[in-house]
Structure formats: structure tokens, C-alpha cells
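Values below: all heavy atoms of this structure, side chains included; hydrogens, waters and symmetry mates excluded.
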Amino acid sequence: MAIISVLIGVLIIVVVGAICFWAIDRFAPDGRLANLLKLLVVLVCLGAIVQRLLVLTY
């Protein structure tokens, strides 16, 4: 049951990250700013995914 909960959480994180990528592409006027924001989104999403996966180790 815990694995399903973690998979659903990871899927939600990926969907939110994709929506953030779309919003950055749509509304960021500068290419360099957009790249930095995308990098920030990727790092935050990876951190959230790792946090969800660490729950399985306990």
C-alpha cells in the first residue's frame, strides 16, 4: 500500500513540474531567466521525489 501512495505522490510531483515548465515557457520573457527557473523547478521536483522515495526505506 505504501508503494502505491509513493507512486501517486511522484506522479503528482511530475505533473506539477510539467505545469510549471509550461508556465515558464509561456510567461518568462528572457531565455536565460527561463532556463534558470526551469533548473530550479527540476531541483525542487527531484528533491520532492527523493523525499517521497526515502519514506520507503523506513
Side-chain angles (χ1 to χ4, degrees):
M1 192 64 174
I3 294 175
I4 294 173
S5 175
V6 169
L7 287 177
I8 291 172
V10 169
L11 181 63
I12 290 171
I13 292 167
V14 169
V15 168
V16 169
I19 291 170
C20 289
F21 261 59
W22 173 81
I24 290 169
D25 278 339
R26 178 94 169 114
F27 297 112
D30 185 26
R32 291 177 63 192
L33 174 64
N35 287 338
L36 288 173
L37 288 173
K38 287 179 183 178
L39 181 63
L40 180 65
V41 168
V42 167
L43 291 175
V44 168
C45 288
L46 284 177
I49 289 171
V50 168
Q51 183 182 12
R52 294 280 181 179
L53 293 177
L54 285 176
V55 172
L56 291 177
T57 62
Y58 293 116

Novice: Let me check something: do Ile24 and Leu33 share a hydrophobic cluster, defined by ILVMFWY side-chain heavy atoms less than 4.5 Å apart, either directly or through other members?
Specialist: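 Linked, Ile24 and Leu33 end up in one cluster.
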Novice: Given Val41 and Leu37, is the side-chain contact (heavy atoms from CB on, under 4.5 Å) satisfied, shown in steps?
Specialist: CA-CA 6 Å; Val41 168; Leu37 288 173; 5.5 Å; no
Novice: Would Ile49 and Leu56 show up in the same hydrophobic cluster when neighbours are defined by side-chain heavy atoms closer than 4.5 Å?
Specialist: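 Both belong to a single hydrophobic cluster.
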Novice: Which residue is it: Val10, Val50, Ile13? I am looking for the one with a side chain to side chain contact (heavy atoms under 4.5 Å, CB included) to Cys45.
Specialist: Ile13
Novice: Measure the CD1-CZ distance between Ile8 and Arg52 for me, rounded to the nearest 0.5 Å.
Specialist: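 Ile8 CD1 to Arg52 CZ: 10.5 Å, rounded to 0.5 Å.
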Novice: Side-chain heavy atoms under 4.5 angstrom apart, residues restricted to Ile, Leu, Val, Met, Phe, Trp, Tyr: same cluster for Val42 and Val16?
Specialist: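 Hydrophobic grouping puts Val42 apart from Val16.
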Novice: Taking only residues two or more places apart in sequence, or in another chain, which ones meet Asp25 in a side chain to side chain donor-acceptor pair (under 3.5 Å)?
Specialist: Lys38
Novice: Check the hydrophobic clustering (I, L, V, M, F, W, Y; side-chain heavy atoms under 4.5 Å; chains of links allowed) and say if Leu53 and Leu7 are grouped together.
Specialist: yes
Novice: Around atom CD1 of Ile3, are there more than 12 heavy atoms from other residues, nucleotides or ligands closer than 6.0 Å?
Specialist: no
Novice: Report the distance from atom CG of Leu36 to atom CG of Leu40, rounding to the nearest 0.5 Å.
Specialist: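 Rounded to the nearest 0.5 Å, the CG-CG separation comes to 9.0 Å.
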Novice: Is there a path of hydrophobic side-chain contacts, each under 4.5 Å between heavy atoms, that joins Val6 and Val14?
Specialist: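 Yes, it is one cluster - the side chains of Val6 and Val14 are joined through contacts under 4.5 Å.
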